[in-house]
Trainee: 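First, the structure itself, so that you have it in front of you.
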Amino acid sequence: HTTVGDNLERMEEVFRQAVKRADLIITTGGTGPTLDDLTKTTVAKVLGLELVLHEESAEQVKSFFHKRGRQMPESNLKQAYFPRESRVIPNHLGTAPGVIIEHSGKIVIILPGPPFEMKPMFEETVEPYLRDKSDGQPEVISAKVLKVFGIGESTVEEALADVLTERHKATLALLAKQAELHIRISATAANKTEADQAVLEMEKQVRGKLGDKVFAADDQDMADIVGGLLAKLGLTMATAESCTGGLIGGALTAIPGSSSYYLGGFITYSNGLKVKLLGVNEQTLADFGAVSPETAREMAAGARKNTAANLAVSVTGIAGPGGGSETKPVGLVYVGLAVPDSISTEKYNFWGDRQAIRALTVNAALDLVRRYLIQYESANQGK
């Protein structure tokens with residue numbers, strides 16, 4: 001996998017290396033109408049093929065602009081020129097078609113860079129083409145990503161030691177992300193059913209060892225899980241945020257239909273607004289400071305009281321890079337949770353830059369809510 005800038009000389013050097021070492025070369029990007037879109041030019045030069053106009057693609061590019069009531073710049077016609085011997089891959093979402101070239105025992109596939117254009121082109125045209133090229137029965141790959149929060153990579157590795165070292169039909173890979181850990185499970189088999197089954201068996205083992213530390217899978221995130229539980233249980237929540245500046249509320253409201261369970265939030269960055277909007281006691285701030293379990297408790301209680309939500313979560317912390325001290329270092333965060341019969345707080349010492357600490361705080365707050373909702377659901381089953 002090589003990344004190269006929009007420079008003809010460097011692109012030619014990289015492509016010549018690729019041709020020497022591989023029978024199949026797939027490129028993404030550099031297929032647009034501007035002068036720095038050099039992929040097709042480079043491929044044509046290295047393979048010794050002339051660039052020729054593909055009339056059908058030219059009409060499609062013109063039609064793309066016509067349907068939008070826009071005048072097509074002449075430079076866009078560049079996107080309809082391809083190396084001779086090309087098989088054109090239609091692009092239904094943009095103006096840059098892709099191509100498949102079979103030349104001198106090599107296969108070159110050129111695709112546009114934007115993922116929302118490239119991915120469907122690959123799935124609709126390239127993948128079937130490559131399957132047809134496979135010798136015998138092509139193998140199928142199945143994969144699933146489990147997402148973990150509240151436990152470090154080394155601890156996860158220890159918990160999964162036997163799974164990682166023993167031979168299984170499926171394999172595991174641990175991938176550290178900014179605010180969570182991903183466990184990618186993958187399996188290869190002769191058909192999809194066998195591959196999916198191998199992944200499922202491995203998933204059961206991982207979940208059995210990590211329990212509720214696994215909070216989501218694949219495209220779901222913490223807000224999706226919390227929102228789903230709130231909707232399922234018919235509960236509402238509110239937020240009181242200081243160091244995250246509205247990120248928790250933003251994560252929840254990014255989900256369609258969240259108005260059924262998220263009532264709203266308070267961004268109380270200053271002490272004055274903590275007092276005025278949430279009813280935090282001035283003496284609490286004077287005695288313990290804004291970043292304290294006492295303040296987090298009162299913030300959560302105030303948010304729940306002022307919105308009449310079933311539960312409310314609060315966050316207050318030091319995201320950095322400045323503002324820390326020996327007793328309250330950068331990364332210190334308190335999360336409060338107010339529910340009908342209690343108010344609790346959790347202390348965290350996060351590390352990383354400002355963005356990482358804020359992202360970790362969002363996940364910590366939502367994870368506290370998630371764990372409460374799981375307990376609530378378990379306690380109220382059958383009622």
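Excluded from the calculations below are hydrogen atoms, water molecules and symmetry mates; all remaining heavy atoms, backbone and side chain alike, are included.
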Trainee: On a heavy-atom basis, which atom in Ala309 and which in Ala238 lie closest, and how many Å separate them?
Mentor: CB-N, 3.8 Å
Trainee: Is the shortest distance from a Lys or Arg side-chain nitrogen in Asp23 or Lys106 to a carboxylate oxygen in the other one below 4.0 Å?
Mentor: yes
Trainee: Quick check against the 3.5 Å criterion: does Thr307 have a side-chain atom that pairs as donor or acceptor with the backbone of Ala303?
Mentor: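 Yes: the side chain of Thr307 pairs with the backbone of Ala303.
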Trainee: Any non-hydrogen side-chain atom of Val315 less than 4.5 Å from a side-chain atom of Ser242?
Mentor: no
Trainee: If you link I, L, V, M, F, W and Y whenever their side-chain heavy atoms are under 4.5 Å apart, who else ends up in the same group as Met11?
Mentor: Val4, Leu8, Val14, Leu38
Trainee: So, Glu241 side chain and Gly249 main chain: donor-acceptor pair closer than 3.5 Å or not?
Mentor: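 Checked: pair present.
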Trainee: Under 6.0 Å from the CG atom of Asp162, do we count more than 12 heavy atoms belonging to anything else shown?
Mentor: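 Result for CG/Asp162: enclosed.
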Trainee: What's the shortest heavy-atom distance between Ser57 and Val88, and which atoms?
Mentor: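 Taking every non-hydrogen atom into account, OG-CG1, 3.6 Å.
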Trainee: Which pair of heavy atoms, one from Ser258 and one from Thr253, lies closest together, and at what distance?
Mentor: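 Nearest heavy atoms, Ser258 then Thr253: OG-CA, 3.4 Å.
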Trainee: Any heavy-atom pair between the side chains of Met121 and Met118 that's under 4.5 Å?
Mentor: no
Trainee: Kindly check if the number of other-residue, nucleotide or ligand heavy atoms within 6.0 Å of CD (Glu56) is above 12?
Mentor: no
Trainee: Tell me if a side-chain donor or acceptor on Thr284 pairs with a main-chain N or O of Glu294 at a distance below 3.5 Å.
Mentor: no
Trainee: Report the hydrophobic cluster partners of Val156, with the cluster defined as I, L, V, M, F, W, Y residues connected by side-chain heavy atoms closer than 4.5 angstrom, directly or transitively.
Mentor: Leu146, Val148, Ile151, Leu160, Val163, Leu164, Leu172, Leu174, Leu181, Ile183, Ile185, Val199, Met202, Val206, Leu210, Val214
Trainee: Are Gln17 and Thr2 close enough, and set up right, to give a side-chain contact (heavy atoms from CB on, under 4.5 Å), and what steps lead you there?
Mentor: CA-CA 10 Å; Gln17 288 176 345; Thr2 305; 5.9 Å; no
Trainee: Under 3.5 Å, is there a donor-acceptor pair between the side chain of Lys213 and the main chain of Arg207?
Mentor: no
Trainee: Between Lys147 and Asp218, does at least one N-O distance fall below 4.0 Å, as a salt bridge requires?
Mentor: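 Result for this pair is no, no salt bridge flagged.
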Trainee: Evaluate Leu24 against Leu130 for side-chain contact (heavy atoms from CB on, under 4.5 Å), listing each step before the verdict.
Mentor: CA-CA 10 Å; Leu24 169 65; Leu130 293 177; 4.0 Å; yes
Trainee: Among side-chain atoms of Asn363 and Glu180, is any donor-acceptor pair under 3.5 angstrom?
Mentor: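 Yes, Glu180 and Asn363 have a side-chain donor paired with an acceptor closer than 3.5 Å.
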Trainee: For the pair Thr236 and Asn310, evaluate side chain to side chain donor-acceptor pair (under 3.5 Å) and give the outcome as yes or no after the intermediate values.
Mentor: CA-CA 5 Å; Thr236 57; Asn310 296 114; 3.1 Å; yes
Trainee: Kindly state each residue pair satisfying ring pair (Phe, Tyr, Trp, His ring centres under 6.0 Å) with at least one member in residues 316-353, sequence neighbours excluded.
Mentor: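 Qualifying pairs: Tyr348-Phe350.
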Trainee: Using side-chain heavy atoms (C-beta onward) and a distance below 4.5 Å, is Pro112 in contact with Asn91?
Mentor: yes
Trainee: Would you say that Pro97 contacts Pro90 through its side chain, given a criterion of any heavy-atom pair below 4.5 Å between the two side chains?
Mentor: no
Trainee: Quick check: closest heavy atoms across Phe215 and Asp221, and the distance to 0.1 Å?
Mentor: CE1-C, 4.0 Å
Trainee: Once you round to the nearest 0.5 Å, how far does CG of Leu263 lie from CZ of Arg304?
Mentor: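 Rounded to the nearest 0.5 Å, the CG-CZ separation comes to 11.0 Å.
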Trainee: Apply the test side-chain contact (heavy atoms from CB on, under 4.5 Å) to residues Leu77 and Lys62: give CA-CA distance (whole Å), side-chain angles for both, the deciding distance (0.1 Å), then the verdict.
Mentor: CA-CA 8 Å; Leu77 204 57; Lys62 292 174 184 176; 4.2 Å; yes
Trainee: For residues Ile110 and Thr39, report the shortest heavy-atom separation together with the two atoms involved.
Mentor: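 So the minimum-distance heavy-atom pair works out to CG2-CG2, 3.9 Å.
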Trainee: Would Asn306 and Phe266 count as a side-chain contact (heavy atoms from CB on, under 4.5 Å) if you check the C-alpha gap in whole Å, the side-chain angles of each, and the deciding distance to 0.1 Å?
Mentor: CA-CA 10 Å; Asn306 292 343; Phe266 303 84; 3.9 Å; yes
Trainee: Shared ILVMFWY cluster between Val339 and Tyr261, side chains joined below 4.5 angstrom?
Mentor: yes
Trainee: How far does CG of Leu373 sit from CG of Leu229, to the nearest 0.5 angstrom?
Mentor: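 That separation rounds to 5.5 Å.
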Trainee: Considering all heavy atoms of both residues, which atom of Pro83 and which atom of Lys40 are nearest to each other, and what is their separation?
Mentor: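 Nearest heavy atoms, Pro83 then Lys40: CG-O, 4.1 Å.
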Trainee: Are the side chain of Ser86 and the backbone of Phe82 linked by a donor-acceptor contact shorter than 3.5 Å?
Mentor: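 Such a contact is absent between Ser86 side chain and Phe82 backbone.
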Trainee: Counting distance only, does the side-chain N/O of Arg184 pair as donor-acceptor with the main-chain N or O of Ala143 below 3.5 Å?
Mentor: no
Trainee: When you look at Glu298 and Lys274, which way does the salt bridge (charged side-chain N to carboxylate O under 4.0 Å, His left out) test go after all the steps?
Mentor: CA-CA 9 Å; Glu298 293 187 21; Lys274 289 179 177 69; over 6 Å; no
Trainee: Can you list everything that forms a side chain to side chain donor-acceptor pair (under 3.5 Å) with Glu123? Sequence neighbours excluded, please.
Mentor: none
Trainee: Check the surroundings of atom CD in Gln178: do more than 12 heavy atoms from other residues, nucleotides or ligands lie under 6.0 Å from it?
Mentor: yes
Trainee: Closer than 3.5 angstrom, by distance alone: can the side chain of Thr295 be matched with the main-chain N or O of Gly289 as a donor-acceptor pair?
Mentor: yes
Trainee: Please tabulate, for the side chains in residues 63-70, all donor-acceptor contacts under 3.5 angstrom to protein atoms that are two or more places apart in sequence or on a different chain.
Mentor:
unit_1	atom_1	unit_2	atom_2	d
Arg68	NH1	Phe64	O	2.9

Trainee: Is there a path of hydrophobic side-chain contacts, each under 4.5 Å between heavy atoms of I/L/V/M/F/W/Y residues, joining Val362 to Ile267?
Mentor: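 No; Val362 is not reachable from Ile267 via cluster members.
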Trainee: For Arg16, does the CZ atom sit with more than 12 other heavy atoms under 6.0 Å from it, leaving out its own atoms?
Mentor: yes
Trainee: Give a yes or no answer on whether the side chain of Arg354 reaches the backbone of Ala319 with a donor-acceptor pair at less than 3.5 Å.
Mentor: no
Trainee: Do Asn349 and Val333 come close enough that some side-chain heavy atom pair is under 4.5 Å?
Mentor: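 Side chain of Asn349 against side chain of Val333, heavy atoms only: no contact under 4.5 Å found.
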Trainee: Sorted by first residue and then second, give each side chain to side chain donor-acceptor pair (under 3.5 Å) pair with at least one member in residues 93-103; sequence neighbours left out.
Mentor: Gln79-Thr95, Glu85-His103, Glu102-Tyr129, Glu102-Lys133
Trainee: Can you tell if the side chain of Ile107 reaches within under 4.5 Å of the side chain of Ile101, non-hydrogen atoms only?
Mentor: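 SC-SC contact between Ile107 and Ile101 ruled out.
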Trainee: Using modelled atom types only, decide if a donor and an acceptor are shared between the side chain of Ser270 and the backbone of Leu273 within a distance under 3.5 Å.
Mentor: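 Yes; judged by distance alone, with no hydrogens or angles, the pair exists.
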Trainee: Measuring from atom CG of Asp196 to atom NZ of Lys144, what distance do you get when rounded to the nearest 0.5 angstrom?
Mentor: 9.5 Å
Trainee: Considering only heavy atoms from C-beta outward, does the side chain of Thr361 approach that of Cys243 to under 4.5 Å?
Mentor: yes
Trainee: If you round to the nearest 0.5 Å, how far is CD of Glu282 from NZ of Lys276?
Mentor: 12.5 Å
Trainee: Within this structure, what is the OH-CG distance for the pair Tyr372 and Asp367, rounded to the nearest 0.5 Å?
Mentor: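 Here the rounded value is 15.5 Å.
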Trainee: So, Gln197 versus Glu201: side-chain donor-acceptor pair below 3.5 Å or not?
Mentor: yes
Trainee: So do the side chains of Tyr81 and His54 get within less than 4.5 Å of each other, counting heavy atoms only?
Mentor: no
Trainee: Side chains of Thr171 and Ser186: do they bring a donor and an acceptor to under 3.5 Å?
Mentor: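 Yes, a side-chain donor-acceptor pair sits under 3.5 Å.
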Trainee: Thr42 and Glu12: side-chain donor and acceptor closer than 3.5 Å?
Mentor: no
Trainee: With no hydrogens and no angle check, is any side-chain donor or acceptor of Asn380 less than 3.5 Å from a backbone partner on Tyr376?
Mentor: yes
Trainee: Check the surroundings of atom CD1 in Ile141: do more than 12 heavy atoms from other residues, nucleotides or ligands lie under 6.0 Å from it?
Mentor: no
Trainee: Could you give the distance from CG (Leu366) to CZ (Phe149), rounded to the nearest 0.5 Å?
Mentor: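 Reported to 0.5 Å precision, the distance equals 9.0 Å.
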